[in-house]
Each structure stands twice: as C-alpha cells, then as structure tokens.
Amino acid sequence: MIAALRADEAFQALQVPLELCWLGGRGGGARLICREGDYLAPRALGGPMNLVNPPRVQVLGTDELAFLTALDPAARRALLDHLLAPESGVALVCGEAGPLAAELAERAEARAAPLWHTPLGVSEALEVLGDYQRSLDASSTVLHGVFMEVYGLGVMLTGDSSTGKSELALELVSRGHRLIADDAPKLTRVAPQVLEGTCPEPLRNFLEVRGLGIVNVRRMFGDSAVKRNKRLRLIVHLERLEDARLVPEVRLSGARTTRYILDVAIPQISVPIAPGRNLAVLVECAVRDHILRLGGYNAEQDLMERLQAEMTGETP
C-alpha cells in the first residue's frame with residue numbers, strides 16, 4: 001500500500017539516479033501514477049511496454065522502439081495514443097530514442113502524457129524503479145547492522161557499536177561473499193513472510209571500518225563483491241562474551257531465538273565474541289548449518305538419536 005504518486009513527484013525523486021529529462025508531456029505532471037491505497041506487487045511500478053496490463057511506468061527499450069519503428073505511420077500513431085493514455089501512467093524511453101524521438105514527443109504533448117528519457121539501459125532503469133518502489137512502501141524499516149550475502153543467503157550482522165561488524169563484513173567480502181548494505185540497511189516486506197533488504201542509494205558500495213575510515217568495496221574488490229538486494233533469511237547477533245547469557249542447553253542447540261521484524265519471523269543466532277575467535281568462519285558455519293536446517297537436517301537431534309541408540313543397543 002502506497003500513497004498517491006504524481007508524475008512530477010516521481011520525476012523529481014528519480015531525476016538523479018536515472019539522469020532523467022522530459023521528452024514531452026510536461027503539462028501532464030499532475031497525472032497520477034498510483035492512487036492512494038493502491039497495492040503494487042514487487043517491482044510492479046515500472047516494466048517493459050505492456051498494453052494489456054500496463055505498468056505504472058511503461059519502459060521502452062531497444063526492442064520496443066524497433067517494434068514501433070517497423071509499424072506503418074497510422075498504426076504507430078494509434079498505438080502511441082494507447083500507450084500514452086492516462087491509465088498507462090508514464091512512458092520512459094531508455095537509451096537512444098533515434099528517429100522516433102520527435103514523434104514520441106509530439107504525441108506526448110498532444111495528450112499531455114508524461115514522457116521521460118534516460119540514457120541508462122532497460123535493466124538498470126528497472127533496478128532503479130524497483131528501489132524507488134521499495135522506498136515508497138510503508139511496510140519498511142531501517143535496521144542497524146551490516147547486510148551480507150553469504151553462501152547465497154541474506155544474512156544480517158547485528159550487535160552493539162564497536163563489536164566488529166564492519167571488520168567481520170570486510171573479512172567475509174575478502175572470502176568471496178557479498179556486501180549489500182552497511183550501517184543502515186532498509187528492510188521491506190514484499191510478501192506476507194518475506195523481507196527484502198536493500199541499501200540506501202548514497203551508501204551503496206561503501207563500508208565504514210574503524211581505523212581505515214570509509215572504503216569502497218566495489219572499487220576494491222570488484223563488481224562481484226556487492227549486491228543490490230537480497231531476501232533476509234538469518235540474523236547473526238554479535239555479543240561480547242561477558243554480556244552473553246549462555247545456559248547449558250546452548251552447548252547443544254546454540255543460542256537460537258526468533259526475531260520479529262515487520263511481523264515477519266527471522267531466525268537469529270547469537271555468537272559470543274572474544275579474542276582469538278575466528279568470527280568469519282563461525283558466520284560461515286552458522287549459515288551452512290542454517291541451510292542444512294532448512295533442508296530438514298538438525299545436527300543436535302542427530303547426535304541425540306545416535307547417543308540414545310548407543311545406550312539402548314539399537315542400530316543408529
């Protein structure tokens with residue numbers, strides 16, 4: 001559920017990340033892209049040209065422009081009028097508009113239909129539109145921590161200040177895992193039991209490491225060291241050993257709890273930190289164990305069954 005969204009408001013918000021300019025139809029800035037209370041499925045704010053179920057922002061890339069160019073003039077005008085109708089919201093041209101630019105602008109002006117242009121490609125534009133949609137969603141929150149992709153799972157590293165979250169994230173990146181967001185990852189509920197984490201645009205690719213300051217992970221480790229978004233599946237909470245409340249049962253099952261974020265249950269495991277502990281290996285092990293649990297295998301249950309079988313003389 002989002003608030004009413006006008007074309008001129010969306011343009012102002014997207015102008016910098018999409019490098020937008022108006023091709024035509026600026027007089028239609030008051031046109032509503034979304035109405036109050038509309039529900040948008042994930043990544044439904046913008047999409048490739050679709051005249052049957054039009055997205056709020058119709059994206060025209062190389063293929064769509066080639067299709068329009070191949071039509072005869074009368075058919076093209078009729079299709080453009082349909083494309084620029086009020087129910088279609090906004091049209092966004094990606095890349096080079098070519099010989100159609102003047103005609104597109106003319107039809108947009110005639111119908112007071114917002115027509116934008118971005119030099120970015122279709123895939124990049126759709127990613128930015130997806131991020132913008134998540135920023136509009138009321139079902140979102142910001143959580144203090146570092147959001148990583150470890151072995152393909154979205155993992156949030158949390159803990160008090162100065163517990164070493166950023167240093168741990170840097171070591172995990174150096175071991176081949178990927179950074180999504182440092183310090184202020186944004187979590188959005190994209191389905192009843194699914195949270196997706198992203199990074200605010202100004203902070204993307206950056207990591208603050210005490211003593212080193214700000215480092216650009218993408219520049220240091222390459223494009224494969226960062227990721228734009230991921231579903232949150234596990235929280236690893238770092239605790240100082242003296243603050244950890246470890247009961248005897250923890251030695252078998254681990255310090256496992258469930259944390260609720262936006263009414264979504266997320267498994268959490270607490271890891272005590274102390275000199276000499278290899279936290280990167282412990283986080284990797286926690287993630288591997290969680291993957292096994294998702295597949296139905298529980299190590300402590302397996303061990304208890306083996307011990308029970310040994311004591312009763314049964315074959316394990």
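All residue numbers in this chain count up from 1 along the given sequence.
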Tell me whether the count of non-hydrogen atoms from other residues, nucleotides or ligands lying under 6.0 Å of CG in D263 goes above 12.
no

As an exercise, state the distance from CE of M156 to NZ of K165, rounded to the nearest 0.5 Å.
11.0 Å

Under a 3.5 Å distance rule, please check whether K186 uses its side chain to pair with a backbone N or O of P200 as donor and acceptor.
no

Rounded to the nearest 0.5 Å, what separation is found between the OG1 atom of T198 and the CG atom of N229?
7.0 Å

When rounded to the nearest 0.5 angstrom, what distance separates CD in E103 from OG1 in T69?
8.5 Å

Where is the tightest heavy-atom contact between Q133 and L45, given as atom of each residue plus distance?
OE1-N, 2.8 Å

Within the 4.5 Å heavy-atom criterion, are V217 and N205 side-chain neighbours or not?
no

Using modelled atom types and a 3.5 Å cut-off, is there a donor and acceptor pairing between side-chain atoms of E109 and backbone atoms of G25?
yes

Any carboxylate oxygen within less than 4.0 angstrom of a Lys/Arg side-chain nitrogen, looking at R293 and E300?
yes

Is D289 salt-bridged to R256, cutoff N-O under 4.0 Å?
yes

Is the closest side-chain donor-acceptor distance between R240 and S162 under 3.5 Å?
yes

Beyond-backbone contact of L168 with V283, side-chain heavy atoms, under 4.5 angstrom:
yes

Rounded to the nearest 0.5 Å, what separates atom CD in E208 from atom CG in L203?
10.5 Å

Of the non-hydrogen atoms in R210 and S161, which two are nearest, and what is the gap between them?
NH2-OG, 3.0 Å

NZ/NE/NH1/NH2 to OD/OE distance under 4.0 Å, E284 and R175:
yes

Judged by atom type as modelled, is there a donor-acceptor pair below 3.5 Å linking the side chain of E9 to the main-chain atoms of R6?
yes

When rounded to the nearest 0.5 Å, the distance separating CZ of R107 from CG of L84 is 8.5 Å

So, do D183 and V146 sit near enough that their side-chain heavy atoms are less than 4.5 Å apart?
no

Taking all atoms of both residues into account, what is the closest heavy-atom pair of L65 and L100, and its distance?
O-CD1, 3.6 Å

F206, L172: one ILVMFWY side-chain cluster at the under-4.5 Å cut-off?
no

Apply side-chain contact (heavy atoms from CB on, under 4.5 Å) to residues V142 and L187 and explain how you reach the verdict.
CA-CA 6 Å; V142 174; L187 299 176; over 6 Å; no

Are W116 and V90 packed together at the side-chain level, in the sense that at least one heavy-atom pair is separated by less than 4.5 angstrom?
yes

Under 3.5 Å: donor-acceptor pair, side chain of R56, backbone of G46:
no

For the hydrophobic clusters of this structure (ILVMFWY residues joined by side-chain heavy atoms under 4.5 Å, transitively), does one cluster hold both L71 and L104?
yes

Sub-4.5 Å side-chain heavy-atom contact between W22 and P114:
yes

Verify, without hydrogens or angle tests, whether R76 (side chain) and L68 (backbone) share a donor-acceptor contact under 3.5 angstrom.
yes

Please determine whether residues L143 and L262 belong to a single hydrophobic cluster, defined as Ile, Leu, Val, Met, Phe, Trp and Tyr linked transitively by side-chain heavy-atom distances below 4.5 Å.
yes

Mind checking whether L294 and R233 have side chains closer than 4.5 Å, heavy atoms only?
yes

Rounded distance (nearest 0.5 Å) linking atom CG of N216 with atom CG of L207
10.0 Å

Where do L18 and A125 come nearest, in terms of heavy atoms and distance?
CD2-CA, 3.7 Å

Could you go step by step and tell me if H290 and L153 meet the side-chain contact (heavy atoms from CB on, under 4.5 Å) rule?
CA-CA 9 Å; H290 187 64; L153 247 62; 3.6 Å; yes

When you measure from the side chain of Q15 to the backbone N and O of Q12, does any donor-acceptor pair fall under 3.5 Å?
no

Using a strict cut-off of less than 4.0 Å between a Lys/Arg side-chain nitrogen and an Asp/Glu carboxylate oxygen, indicate whether R231 and E196 qualify as a salt bridge.
no

Which of these passes side chain to side chain contact (heavy atoms under 4.5 Å, CB included) with I235: L157, I261, I269?
I261

Side-chain donor-acceptor contact under 3.5 Å, T158 with H237
yes

Do the charged groups of D223 and R178 touch, with an N to O distance under 4.0 Å?
no

Report whether L303 and L292 are members of the same hydrophobic cluster (ILVMFWY, side-chain heavy atoms less than 4.5 Å apart, transitive linking).
no

M148, M220: one ILVMFWY side-chain cluster at the under-4.5 Å cut-off?
yes

Taking NZ, NE, NH1 and NH2 as the nitrogens, is one of them in D131 or R228 under 4.0 Å from a carboxylate oxygen of the other?
yes

Is the backbone N or O of T258 less than 3.5 Å from a side-chain atom of Q268, with the two atoms forming a donor-acceptor pair by type?
no

Side-chain donor or acceptor of H117 paired with backbone N/O of G95 under 3.5 Å:
yes

Check ion pair R77-D81 (N to O, under 4.0 angstrom):
no

Please report the closest heavy-atom contact between V59 and V122, naming both atoms and the distance.
CG1-CG1, 4.1 Å

Taking all non-hydrogen atoms of both residues, which atom of C94 and which atom of L120 are closest, and how far apart?
CB-O, 3.3 Å

Hey, are the side chains of Y297 and D302 touching, using non-hydrogen atoms and a 4.5 Å cut-off?
yes

Is there a donor-acceptor contact under 3.5 Å from the side chain of R31 to the main chain of G89?
yes

Pairs flagged by ring-ring contact (aromatic ring centres under 6.0 Å, His included) wherever residues 145-187 is involved - sequence neighbours left out
Y151-H177

With respect to T118, which candidate in L20, V128, L14 satisfies the side chain to side chain contact (heavy atoms under 4.5 Å, CB included) definition?
L20

Below 4.5 Å, heavy atoms only, C-beta onward: do M49 and F67 meet side chain to side chain?
yes

